[in-house]
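Please read the structure below before turning to the comments.
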Amino acid sequence: MMENPPTRNSRLLRWVNKSVRLFKPDAVHWCDGSKAESEALLAELVGRGAAIRLNPAKRPDSFLFRSDPRDVARMESRTFVCSQSADAAGPTNNLVEPEAMKARLERLMAGCMRGRTMFVIPFRMGPAGSPMSITGVQITDSPYVVVSMRIMAHVGRDVLRDLGERGFFVPCVHSVGRPLAPGETDSAWPCNPEETVIAHFPEERYIVSYGSGYGGNALLGKKCLALRIASVLGRDQGWLAEHMLILGVEAPSGEKTYVAAAFPSACGKTNFAMLVPPASMHGWKVTTVGDDIAWMRPGPAGELRAINPESGFFGVAPGTSVRTNPNAMAACSHGSLFTNVALTDDGDVWWEGMTDEPPAHLIDWQGHDWTPGCGRLAAHPNSRFTAPLSNCPCLDASACDPEGVPVAAILYGGRRMSDIPLVAQAFNWSHGVYLGATLGSEQTAAAEGRVGDLRRDPMAMLPFCGYNMADYLRHHFKFARRLAEPPPVFHVNWFRKGADGKFLWPGYGDNMRVLRWVVDRVHGRVGARESAFGLLPRYADFDWRGLDFPEGSWNELMSLDRDRLRLATLQHEELFLKFAEHLPRELTCERESLIARLY
Ligand code: GTP
Ligand code: SPV
Ligand code: MN
């Protein structure tokens, strides 16, 4: 079974052998990341009805998957940070003691791969030759995960070659948790929702995920490694792992400014990362480095440097259209995987918002006939496309630069119907950390929970921080001291609604107007006025070419209600109380000066 493994890394071999003994798969397959390997797996999946090959004339090299309706999003209630102490995991993570979790997993996972092939996927997060890149090896019994990982991470023979005999890697174990009895036919999307566990062992840099095949639960390089484990590595090694997109802004003069932005799940990172400026803003251009995760560290001159550790996009499908995000549409036009979207009669995909008029007939995400007005959604709200970075027409020229790109500004944003203005600049880094730490957002379909509920989501990292959230906030202050000059920080909100329940701000491409103000602030070209919330643009500070946005609407969009802001500080206090003695003093001071500004 283990004849001729393609590595001599002894830790890797020991771990793979141990996994074989425990999980008892029928076969072991070491993945080489080749196109042929992926094609063979996809052909097999199509053959047994677990995937649908889309019409090659419409969407070449692309496949549709339908998940079990109980396995459609990240499961935060089943996600654990198994640290040695409750203090290390902090008040916002689910904690189970490492030894107890391991005992539970050993019981749960004994023989869990019976009747299946165990795949070993060596992968790299980050550009080739980058000092910031990290190697992982995922063991999985899901061929869907194998073909997805090949898009989302770098998978190839070079990973094991570079790892060598002693190189560091993060071991990631994954099983769908559905062993097959001899002769038993497999379901199209095997999973085990009752027993799902996604466990992180931060001290050991080790991940085990059982029972789910979907997204961040199963593609372990993404949230598990590149955010939860990486945040811990960042704490220990002096860098930051963030739930951030990275984009480049090119001014008509050719000046290039990189911006990183943290928004919670399904709050517009992909759209913003691939923004198409309005035609009226001649010469402004946006390029994409990443749409979900940023790893940031101080560069040689004390500048802030960032890489996107991912090689693909795992983007929310609904709402994506030629009008809202033509670049994402192009990125998933070929060589892409689709999960839980609808199938058209001519073998293409469709989802809510892709076109104004829905097709007259579809097969919905659960495989049922669908017609407009039938009262059901055709695509699941958290349906996604998996597309390679290289497909993106607006990919930044430095997206794969091993040194990363220099980041000149950081944005934090949430989905807030009321109270929060379109944009504000923090007075300084400390105030910026406060704005990020107290970020609130209305819950989306990207995770279980009631959609629309407002929750505090510090730095958009609430579900992704692998250690004590308060220590993570403290790490931001420590980190900034290693920069020559901390970058300016901004707070944005595209989602404010008027009394009529409609969005006040057109959003999407028009967010370029906000981005331009940000870039102009970075380079000291435009003013701002002081308010209790932060530095605000004046109406005249914005580039309004091509948009008729009356000053009255602007005033509504930017308005601050002192009473409501005062009330909000109570919610901040509620969060801070949870952090107890771990809360950085800087944040207590920031809250005090905010309260002072409100009287
Ligand atoms: P994850 O991949 O889950 O981390 O999320 P993401 O932040 O990349 O999500 P995505 O960009 O796919 O967010 C999509 C949601 O944001 C959709 O509901 C869009 O309609 C909405 N959205 C994006 N940009 C805007 C905007 O400028 N204005 C408004 N009103 N909605 C927006
Ligand atoms: C998110 O929920 O923030 C995502 C999707 O980016 S998943 O990879 O499923 O976590
Ligand atoms: Mn995300």
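Just so it is clear, the values below take in all heavy atoms, side chains as well, and ignore hydrogens, waters and symmetry mates. Both ligands and their constituent atoms are indexed starting at 1 by order of listing.
At the top of the distance list for atom 23 (C) of ligand 1, counting protein heavy atoms only, stands N271 ND2, 3.2 Å. Looking only at protein heavy atoms, the nearest one to atom 8 (O) of ligand 1 is T270 OG1, 2.9 Å. In this structure, atom 29 (C) of ligand 1 lies nearest to the protein heavy atom F495 CE2, 3.6 Å. Atom 12 (O) of ligand 1 has as its closest protein heavy atom V316 CB, 3.2 Å. Ranking protein heavy atoms by distance to atom 18 (O) of ligand 1, first place goes to R415 NH2, 3.6 Å. Of the protein's heavy atoms, A266 CA, 3.2 Å lies nearest to atom 9 (O) of ligand 1. Looking from atom 7 (O) of ligand 1 to the surrounding protein, the closest heavy atom is K269 N, 2.7 Å. Of all protein heavy atoms, the one closest to atom 26 (C) of ligand 1 is Y508 N, 3.6 Å.
Of all the listed residues (R384, K222, E352), R384 holds the heavy atom that lies closest to atom 2 (O) of ligand 1. In this comparison of H243, R74, K222, the heavy atom closest to atom 10 (O) of ligand 2 sits on R74.
For the Mn ion (ligand 3), the count of nearby protein N, O or S atoms, meaning those under 2.8 Å away, is 3.
Residue-level proximity to ligand 2 for Y214 is absent, since no heavy atom of it falls below 4.0 angstrom. Within the 4.0 Å heavy-atom criterion, the part of D292 lying near ligand 1 is the side chain and not the backbone. With a heavy-atom cut-off of 4.0 Å, D292 touches ligand 2 through its side chain alone. The part of P264 lying near ligand 1 is the backbone, judged by heavy-atom distances below 4.0 Å. Contacts of S265 with ligand 1, taken as heavy-atom pairs under 4.0 Å, involve both backbone and side chain.
Under the 3.5 Å distance criterion, with hydrogens and angles disregarded, a donor-acceptor pair is assigned to the side chains of R74 and S265. Side-chain polar atoms of R496 and S559 form a donor-acceptor pair below 3.5 angstrom. Side-chain contact of Y144 with T339: a donor-acceptor pair under 3.5 Å is present, judged by distance alone. In summary, the side chains of W350 and T355 do present a donor paired with an acceptor at a separation below 3.5 Å, with no hydrogens or angles considered. For the residue pair N340 and W351, no side-chain donor N or O sits within less than 3.5 Å of a side-chain acceptor on the partner. Side-chain contact check for S175 and D141: at least one donor-acceptor pair (N or O, by modelled atom type) lies under 3.5 Å.
Of the N or O atoms in G268, one or more lie within a sub-3.5 Å distance of an N or O in ligand 1. Considering backbone and side-chain N/O of F464, none are found under 3.5 Å from N/O of ligand 2. Close N/O approach between K223 and ligand 1 is not found [any backbone or side-chain N/O within under 3.5 Å].
For the pair K269 and ligand 2, no heavy-atom separation below 4.0 Å is found.
Within 6.0 Å of the CG atom in D356, the count of heavy atoms belonging to other residues, nucleotides or ligands does not exceed 12.
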